[in-house]
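Notes follow once the structure below has been shown.
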Protein chains: 2
Amino acid sequence: MRKNSNIEDVAKLAGVSISTVSRVVNKSSTVRASNRICVEQAVKKLKFKPNLIAKALVKGKSNTIALVMPRYEGIFYSYYALEIIRGIGTICESLKIDLLLHITHPNTNLNLSNVGGIIFAEVLSERKQLEEAVALNIPTVAINNLIKDLAVSCVTINNKQGAREAVDYLLDLGHRDIAYISGGNLTQAAKDRTQGYKLALAARKIPLRGEFMIEGDYSRKSARDAAEKLLSLKNKPTAIFVASDDMAQEAISVILEKGLRVPDDMSIVGFDDNPSSIYGAVPLTTIRQPLMVMAQTAVKELDLLMNGEGKISRICLPTKLIIRDSCLPR
Amino acid sequence: MRKNSNIEDVAKLAGVSISTVSRVVNKSSTVRASNRICVEQAVKKLKFKPNLIAKALVKGKSNTIALVMPRYEGIFYSYYALEIIRGIGTICESLKIDLLLHITHPNTNLNLSNVGGIIFAEVLSERKQLEEAVALNIPTVAINNLIKDLAVSCVTINNKQGAREAVDYLLDLGHRDIAYISGGNLTQAAKDRTQGYKLALAARKIPLRGEFMIEGDYSRKSARDAAEKLLSLKNKPTAIFVASDDMAQEAISVILEKGLRVPDDMSIVGFDDNPSSIYGAVPLTTIRQPLMVMAQTAVKELDLLMNGEGKISRICLPTKLIIRDSCLPR
DNA sequence: CTTATTTTGTCTAAAAAGGCAGAATGTCCT
DNA sequence: AGGACATTCTGCCTTTTTAGACAAAATAAG
């Protein structure tokens, strides 16, 4: 078991003190050129890499952030959650931040003592972990949840407004019987979208119909069941707003299987702008949310907090209605 | 900024030495009952949690493992990759192992110096990271790649055999014109499945047809394109083996959209046993791979290696043909 | 009271960073 | 050129937190 070389080995080989090596490696203050070259050569020769554990111990903080995600299937497998993981993962790699992944039940205790910051990808109704992080004074960012009562930075989109835009679009096309397949009520985002749907109808004084509002959970299965339920109604809707593109695609499949046409017989609007929505059987009209930007913003805000340079911020990024081929005027 | 209490604070409050506190916390040797109680109370009162960074430094190894995944979209969003992440994440949580996630380009340098072990979820053809891990003597487990030339434990399924079973099933049903939608050639698993397809046909002396073998990349889009290509052939196949359930579901959608029936006009076999395959338009016949068991096994093997108790092992878990409704005899 | 056993505390090690003092070099003036 | 002073470098030592070897103290047994 070959031991990694440490800073002392480098110092000996270069004929300087440990401090000087540290200074060269961390570019912290000026070192005479000749010494710097010596040290750099020694570093290269010994393949020296600073021990991040020791570094973290001395500095009193680590360069590690934790990403906390709920483990529920529907949510975890949504394009949204995955793109957030992938986005944050990619950005952390380029910023040389270590990313600890906690896929967890929301009221489990996390061991947060060796983490420099935390991103909550979804804060569910049990906020125990979030509150604990704040109590421990760990810089924290929440994605897609506006947390007003805690010292937590938030990166959100306006889900309510986005949903409303989707439904308004259908209304403007003349639809009045607009159904809704929701993302459940575990996440704030899902709840906000439901709110947006209700508000849009209310603004035009269209009464809500219970049989038009079906609860999904972001899984394809739930969307299939929901779509079948809607299609079996005596008074079918003429349009459906679906809380995610994945679910919208599944709904379209169901409709096509029943021999109906999209958008001729049924208009559909999704939410996400999942890249595969461009290519499916019917290119999907949807609400785009800038997931990569959200991930990037979250990591950047957290980085600022961790370096003591930032303060709690609430950032709301814009959504956009993307019109493709899944809607037709009524 | 309240500082976390450290072991010294506990020692003072309990009126004992640091060592005694350490002994109580780590249950390492006998401590007089009265003292143990004192210490336990002090721990509770001060909410003492051992600083894992210091612990890792002293012990010379951390309780952290890294999960390395390629960032390519098709692979990353496959049910397979996700279930592996979720499985490993869940198991690490219950074993109190910290999970570092590296979503990375396969020839990027990883900083592995503060990691106790590594799991490679997919080893692509560039094996740089894998070789580096081995060179640094870091315990390593590869999932779904049989690495014979390096000291790496492997947890695999027999992809070749599984694929062969799928195609044999179609052959036994009387099909002779069997097409294949692959998962590309970035992963060993995908390549092995292609091998299995070829072997099954070769065993029955059925010549391979180039136009029947279409390369996908685990994305739904690629499956849609592939299915459309197959359906536009003059001599259509009577059955398709698809390298993942996600892609198989998309292929079924395409077939139904064209007004053909599954399984009446086209038999389909998938690979994965993705839970949503039970519920789609046509419950899917598929090859089940035990993803949760794979994840668990990988973590357990790694844990053994990290504790010096295990040795390099090659574990192959069984697949199983699950017959549902997407195939009919020819 | 001696020997054996249990329990406890002291001290060092682990790796790197940074304050501080001192060494080396440079600048300026006479 | 030589001395006074400033500036730039450098090394020593301490700090961070915990684990564990070892020796010392306390207790138990005979």
Side-chain angles (χ1 to χ4, degrees), chain A residues 1-40 42-43 46-64 96 98 111-116 136 307, chain B residues 1-40 42-43 46-64 111-116 136 307:
Chain A
M1 194 77 141
R2 187 173 58 74
K3 207 165 70 43
N4 284 342
S5 53
N6 61 22
I7 200 170
E8 202 183 337
D9 302 333
V10 177
K12 268 191 196 139
L13 181 62
V16 297
S17 72
I18 289 177
S19 306
T20 301
V21 176
S22 171
R23 279 186 274 256
V24 171
V25 171
N26 298 300
K27 300 172 179 59
S28 62
S29 69
T30 47
V31 173
R32 189 174 319 165
S34 60
N35 277 342
R36 186 175 43 248
I37 292 167
C38 269
V39 170
E40 279 164 356
V43 165
L46 297 174
K47 292 182 185 164
F48 169 68
K49 284 185 187 167
N51 181 320
L52 295 184
I53 295 175
K55 190 167 180 167
L57 182 60
V58 163
K59 290 235 187 185
K61 64 167 186 178
S62 71
N63 202 35
T64 301
K96 312 258 181 224
D98 283 336
N111 190 339
L112 303 171
S113 62
N114 55 340
V115 156
L136 289 172
N307 294 318
Chain B
M1 192 78 144
R2 188 173 59 72
K3 207 165 70 43
N4 283 342
S5 53
N6 60 22
I7 199 169
E8 203 184 335
D9 302 332
V10 177
K12 269 189 196 140
L13 181 63
V16 297
S17 72
I18 289 177
S19 307
T20 302
V21 177
S22 171
R23 278 184 276 255
V24 171
V25 172
N26 298 300
K27 301 172 178 59
S28 63
S29 69
T30 48
V31 173
R32 189 176 318 164
S34 60
N35 277 341
R36 185 174 45 246
I37 292 166
C38 270
V39 170
E40 278 163 357
V43 164
L46 297 175
K47 291 183 186 164
F48 169 69
K49 283 184 187 167
N51 180 320
L52 295 184
I53 296 174
K55 191 167 181 166
L57 182 62
V58 166
K59 291 237 188 184
K61 63 167 187 176
S62 71
N63 202 35
T64 300
N111 190 340
L112 303 171
S113 62
N114 56 341
V115 154
L136 289 172
N307 294 318

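Below, read A as the first sequence line, B as the second, and so on, with proteins coming before strands; counting in each chain starts at 1. Since the structure is predicted, the reported quantities are computational estimates derived from the model, not experimental observations.
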(request) Please state how far atom CG in B/N63 lies from atom P in D/dT18, giving the value in whole angstrom units. (result) 16 Å
(request) Round to the nearest Å and state the distance from A/I53 atom CD1 to D/dT15 atom C1'. (result) 18 Å
(message) Quick check on D/dT18: is either OP1 or OP2 less than 4.0 Å from any side-chain nitrogen or oxygen of B/N51?
(response) no
(request) Name every residue in residues 21-31 of chain B that has at least one heavy atom under 4.0 Å from any atom of DNA chain C, in order of residue number, or write none if there are no such residues. (result) B/R23, B/T30, B/V31
(message) Rounding to an integer number of Å, can you tell me how far B/L57 CG sits from D/dA19 P?
(response) 11 Å
(message) Just the rounded figure in Å: distance from P of C/dT6 to CZ of B/R36.
(response) 15 Å
(request) Check the distance between C/dG9's P and B/I18's CD1 and give it to me in whole angstrom. (result) 11 Å
(request) Tell me which nucleotide among C/dA16, C/dT10, D/dT18 gets nearest to the side chain of B/S19. (result) C/dT10
(message) Rounding to an integer number of Å, can you tell me how far B/E8 CD sits from D/dT15 C1'?
(response) 12 Å
(message) Please give me the minimum heavy-atom distance between A/V25 and A/F48, naming the atom from each residue.
(response) CG2-CE2, 4.0 Å
(request) Output the single nucleotide from D/dG11, C/dA14, D/dT16 whose closest atom is nearest the side chain of A/V58. (result) D/dT16
(message) Just N and O in the side chain of A/T20: are any of them under 4.0 Å from OP1 or OP2 of D/dG11?
(response) yes
(request) In whole angstrom, give the distance that lies between atom CD1 of A/I7 and atom P of D/dG11. (result) 12 Å
(message) What's the separation between atom CD in B/E8 and atom OG in B/S17, rounded to the nearest 0.5 Å?
(response) 11.0 Å
(request) Identify, between B/R32 and B/K55, the residue whose nearest nucleotide on DNA chain D lies closer to the 5' end. (result) B/K55
(request) Taking all non-hydrogen atoms of both residues into account, name the closest pair between A/N63 and A/K96 and its distance. (result) ND2-O, 2.7 Å
(request) Could you tell me the separation between the NZ atom of B/K12 and the P atom of C/dT8, rounded to a whole number of Å? (result) 20 Å
(request) State, to 0.1 Å, how close B/L46 and B/S5 come at their nearest heavy-atom pair, and which atoms those are. (result) O-OG, 2.9 Å
(request) Look at the side chain of A/T64 and the backbone N and O of A/V115, then say whether any donor-acceptor pair between them is shorter than 3.5 Å. (result) no
(request) Kindly give the heavy-atom pair with the smallest separation between B/A11 and B/I18, and that separation in Å. (result) CB-N, 3.8 Å
(request) Would you indicate which nucleotide in C/dT10, D/dG11, C/dA16 comes nearest to any side-chain atom of A/A54? (result) C/dA16
(request) Mind listing the closest non-hydrogen atom pair of A/L57 and B/N51 along with its distance? (result) CD1-ND2, 4.3 Å
(message) As a test of reading the structure: which of D/dA19, D/dT18, C/dA16 is closest to the side chain of B/K59, going by heavy atoms?
(response) D/dA19
